[in-house]
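In each ligand, atom 1 is the first atom listed, and ligand 1 is the first ligand listed. Model, not experiment: these values are computed from the prediction.
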Amino acid sequence: MAELDDIPQHVSTGTLPGWDAVENLVREAHAYARETGDGDIATYIPRLAQVDPELFGVSVAEVDGAVHAAGDAEVLFSIQSISKAFVYALVCEELGHEVVRERIGVDNTGLPFNSVIAIELADGHPGNPMVNAGAIATTALVPAASADERWARIQAGLSAFAGRRLELDGEVYTSEADTNQRNRAIGTLLQAYGRIEADPLGAVDAYTRQCSLLVTATDLAVMGATLADGGVNPVTGERVVAADVARDTLAVLAAAGLYERSGEWLFEIGLPGKSGVAGGIMTVSPGKAGIGVFAPRLDGAGNSVRGRLATRYLARALGLDIFASEAREHGPYPYSREKPS
Ligand code: GLU
């Protein structure tokens, strides 16, 4: 049987509405979602509890590099779990997706992001790279001779997705490092199961750093647009990962990007996305655009409430939902398609 790579691939995605329409719809999505004050900010990382809960930014980056933003789209916040998507992509780029698929997995666990039971139930298998176990195991796979080199590669890789150098928020990092006993336990448990070969606490530290990188809603939109554009950053023109790595990353996000509400998100919004507990969500419309939102108040699973509403508005109004279709106009029914002469 032919290898998957030998089957010709055709990509079909459609296009976004014109520039003015996108610009207006981004503003409308912001105004629409700002009406709710539902949700609570994350407090389990003490530094995150100090954020202004009213901050709210929305940004769309098109695959031609155009950026449309509304509200607090240039305010910095920590990327948190959204970093998992990009470290996964970088590791796939280095090691190949089959290695990562076998070692980490691609299925939703259906359990919270920091679940230990999920690891135990799966005999030590991390499940997928979007839960903490899988993310820590993925970070441990970043090829590097030292902790410094690993961190430098992660920082440089995520910066390439964003198209600018991303910096660490030292206060968020210290605050999480002081309180992440659970993640350290997960790292050590993975080592006991042979899923992390060496230095699990070093991997947890690199993971904690990657979560503390500062981004804006517009950065998330550009990072998403890079995944939407076959792995090429549409603002800088740099190829960051191969097209099939971008595709594989989106498939994992569709299954597991929104914590244990990933199925609800896919049903409601119809696009792969990834959220983080500081209130960011990055969503990707393959071949069209990336959407970045930031609003710190979260639902019970850890997803930004305003961010979800704004993204839902845009997915619908911009025609991005991958499951939506319209019947085509064609001759009277019953219709039989004839071979063109
Ligand atoms: N650094 C956070 C943790 O591991 C990330 C949580 C998240 O955004 O889901 O707890």
Side-chain angles (χ1 to χ4, degrees), residues 39-51 76-88 104 108-116 118-119 126-140 151 154-155 158 166 168-190 196 200-215 217 219-220 223 252-253 255-262 265 273-283 292-305 307-308:
D40 298 302
I41 60 170
T43 53
Y44 78 100
I45 298 173
R47 183 70 182 84
L48 296 185
Q50 296 169 19
V51 72
L76 291 164
F77 57 95
S78 54
I79 188 168
Q80 296 298 337
S81 256
I82 305 166
S83 64
K84 293 167 177 167
F86 299 102
V87 174
Y88 170 74
I104 312 291
N108 196 317
T109 65
L111 289 163
F113 69 98
N114 57 1
S115 173
V116 173
I119 307 170
N128 71 68
M130 301 304 139
V131 291
N132 286 11
I136 293 165
T138 304
T139 295
W151 169 240
I154 293 172
Q155 185 173 20
L158 267 68
L166 301 179
L168 185 88
D169 183 327
E171 287 185 35
V172 170
Y173 165 68
T174 309
S175 181
E176 181 166 353
D178 286 345
T179 54
N180 68 350
Q181 290 80 4
R182 194 180 178 92
N183 284 342
R184 282 183 255 159
I186 288 173
T188 311
L189 185 60
L190 290 172
I196 291 185
L201 297 183
V204 173
D205 184 61
Y207 164 78
T208 308
R209 284 172 188 271
Q210 78 188 46
C211 288
S212 307
L213 282 172
L214 287 168
V215 291
D219 288 328
L220 290 183
M223 295 170 95
V252 172
L253 295 188
L258 281 291
Y259 305 113
E260 62 274 32
R261 303 228 171 126
S262 299
W265 171 273
K274 182 73 200 88
S275 62
V277 292
I281 307 179
M282 173 209 61
T283 305
V293 290
F294 167 54
R297 280 192 288 253
L298 312 175
D299 66 19
N303 300 314
S304 168
V305 176
R308 179 178 68 87

Taking only heavy atoms of N183, which atoms of ligand 1 are found under 4.0 Å from at least one of them?
3 (C), 4 (O), 10 (O)
Rounded to the nearest 0.5 angstrom, the CG-CD1 distance for N114 and I186 is 6.0 Å
A student comparing M130, K274, Q210, Q80 should find that the heavy atom closest to atom 2 (C) of ligand 1 comes from Q80
Could you tell me the residue and atom name of the protein heavy atom closest to atom 9 (O) of ligand 1, and the distance to it rounded to 0.1 Å?
Y259 OH, 2.4 Å
Of the protein's non-hydrogen atoms, which lies at the shortest distance from atom 10 (O) of ligand 1, and what is that distance?
Y44 OH, 2.6 Å
If we ignore angles and hydrogens, is there a donor and acceptor under 3.5 Å between the side chains of Y207 and N132?
yes
Which residue and non-hydrogen atom of the protein lie closest to atom 7 (C) of ligand 1, and at what distance in Å?
S81 OG, 2.9 Å
Sub-4.5 Å side-chain heavy-atom contact between L168 and W151
yes
Distance from L201 atom CG to N180 atom CG, nearest 0.5 Å?
9.0 Å
Heavy-atom distances under 4.0 Å are what count here, so tell me which part of C211 touches ligand 1: side chain, backbone, both or neither.
side chain
Are N132 and ligand 1 in contact, using a heavy-atom cut-off of under 4.0 Å?
yes
I'd like to check whether K84 has a polar contact with ligand 1, where a contact means an N/O of the residue lying under 3.5 Å from an N/O of the ligand.
no
Within ligand 1, which atoms have a heavy atom of G276 less than 4.0 Å away?
8 (O)
Is it the case that atom CG in D178 sees more than 12 heavy atoms from other parts of the structure closer than 6.0 Å?
yes
Just by distance, no angles: are the side chains of D169 and S78 close enough, under 3.5 Å, to form a donor-acceptor pair?
no
for atom 4 (O) of ligand 1, nearest protein heavy atom and its distance come out as Y207 OH, 2.7 Å
Distance check, rounded to the nearest 0.5 Å: I41 atom CD1 versus L48 atom CG?
8.0 Å
